[in-house]
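Please read the structure below before turning to the comments.
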Amino acid sequence: QVQLVESGGGLVQAGGSLRLSCAASGRTFSSYAMGWFRQAPGKEREFVAAISWSGGITYYGDSVKGRFTISRDNAKNTVYLQMNSLKPEDTAVYYCAASRRSRGSYYTYEYDYWGQGTQVTVSS
């Protein structure tokens, strides 16, 4: 069992930055790939980024490529999402998730555990 708790969301102006954190419980964090997803009101949950269990493989959704960076610290059981050059369309609830697949996935159904989400609001 893995429990995930996101933090770091908030209100920021367009062009600004935020860093989200996701703290995981349990001793097996390093054996899970991790992902970030987001969901805006009235929209489906969207893939943002994923990182393999070792941190050696990362990949991003097209809408955030070049602006967001995912990283992890297995010693701290934490995954991060650094978000730069934020746009109003980045406004959403951001969720972290853990997957037993070694490289993670683009698909929500391939993640086994989810956090409760943290709100990110970008004003224009």
Side-chain angles (χ1 to χ4, degrees):
Q1 189 81 5
V2 177
Q3 293 185 326
L4 304 172
V5 179
E6 302 95 335
S7 61
L11 174 64
V12 63
Q13 288 189 333
S17 298
L18 280 176
R19 188 195 197 200
L20 305 184
S21 299
C22 174
S25 65
R27 294 175 291 178
T28 59
F29 174 74
S30 60
S31 61
Y32 288 87
M34 299 297 295
W36 285 97
F37 289 77
R38 66 187 183 187
Q39 189 165 19
K43 295 189 176 182
E44 293 188 353
R45 196 164 294 191
E46 176 191 16
F47 171 78
V48 175
I51 187 167
S52 62
W53 65 270
S54 67
I57 296 170
T58 60
Y59 49 101
Y60 300 88
D62 288 342
S63 60
V64 307
K65 210 171 288 185
R67 299 187 297 123
F68 291 11
T69 303
I70 188 171
S71 61
R72 67 189 295 162
D73 185 338
N74 287 342
K76 295 183 178 180
N77 281 12
T78 302
V79 62
Y80 305 98
L81 185 69
Q82 178 67 44
M83 306 186 295
N84 298 330
S85 303
L86 282 161
K87 306 174 181 180
E89 51 264 44
D90 294 318
T91 295
V93 177
Y94 283 71
Y95 299 89
C96 72
S99 173
R100 292 188 179 95
R101 297 174 64 87
S102 61
R103 299 184 178 189
S105 172
Y106 291 98
Y107 307 107
T108 58
Y109 60 81
E110 292 184 329
Y111 286 82
D112 304 284
Y113 302 101
W114 291 84
Q116 83 290 347
T118 186
Q119 176 71 46
V120 171
T121 303
V122 184
S123 63
S124 56

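Every heavy atom of this structure was used, including side-chain atoms; hydrogens, water molecules and symmetry mates were not.
Within 6.0 Å of CD in Gln3 there are 12 or fewer heavy atoms belonging to other residues, nucleotides or ligands. Residue-environment remark: NZ (Lys43) stays at or below the threshold of 12 foreign heavy atoms within 6.0 Å.
The list of salt bridge (charged side-chain N to carboxylate O under 4.0 Å, His left out) pairs with a residue in residues 67-76, not counting sequence neighbours, reads Arg67-Asp90.
The line from OG of Ser105 to CZ of Arg100 is 14.0 Å long, rounded to the nearest 0.5 Å. Distance CZ/Phe68 to CD/Gln82: 9.5 Å, rounded to 0.5 Å. Between Thr78 atom OG1 and Leu20 atom CG the span is 12.5 Å, to the nearest 0.5 Å. Atom CZ of Arg103 sits about 13.5 Å away from atom CD of Glu110, to the nearest 0.5 Å. One distance of note links CZ of Arg19 with CE of Met83; it measures 11.5 Å at 0.5 Å rounding. Considering CG of Asp112 and CD of Gln1, their distance stands at 10.0 Å, rounded to 0.5 Å.
Here the shortest heavy-atom pairing between Ser85 and Ser17 reads N-OG, 4.4 Å. For Ser123 against Leu11, the heavy-atom pair with the smallest separation is CB-CD1, 4.3 Å. Of all the heavy atoms in Ala24 and Leu4, the pair that sits closest is CB-CD2, 3.6 Å. Taking both residues in full, the closest heavy atoms of Phe37 and Phe47 are given as CD2-CA, 3.5 Å, listed atom of the first, atom of the second, then distance. In terms of heavy atoms, Ala33 sits closest to Gly104 at CB-N, 3.1 Å. Minimum interatomic distance between Ser25 and Val2 (heavy atoms only, all atoms of both residues): O-CG1, 3.9 Å.
Under the 3.5 Å distance criterion, the side-chain polar atoms of Asn74 are matched with a main-chain donor or acceptor of Trp53. Of the possible polar contacts, none joining the Glu6 side chain to the Cys22 backbone as a donor-acceptor pair under 3.5 Å is found.
Checking each of Ile70, Leu81, Ile57 against Ile51 for a side chain to side chain contact (heavy atoms under 4.5 Å, CB included) leaves exactly one that passes, namely Ile70. Exactly one of Thr91, Thr121, Leu86 qualifies for a side chain to side chain contact (heavy atoms under 4.5 Å, CB included) with Val12. That residue is Leu86.
Tyr95 and Trp114 have perpendicular rings, their planes meeting at more than 60° on a 0 to 90° scale where under 30° would count as parallel.
Val79 and Val93 end up in different hydrophobic clusters when Ile, Leu, Val, Met, Phe, Trp and Tyr side chains are linked at under 4.5 Å. Using a 4.5 Å cut-off between side-chain heavy atoms of Ile, Leu, Val, Met, Phe, Trp and Tyr, with links allowed through other members, Tyr111 and Phe29 fall into different hydrophobic clusters. When the side chains of ILVMFWY residues are joined at heavy-atom separations under 4.5 Å, either directly or via intervening members, Tyr80 and Tyr94 end up in two distinct hydrophobic clusters. Tyr59 and Trp36 are not part of a single hydrophobic cluster, where members link through side-chain heavy atoms under 4.5 Å apart.
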Are Glu46 and Ser63 close enough, and set up right, to give a side chain to side chain donor-acceptor pair (under 3.5 Å), and what steps lead you there? CA-CA 10 Å; Glu46 176 191 16; Ser63 60; 3.2 Å; yes
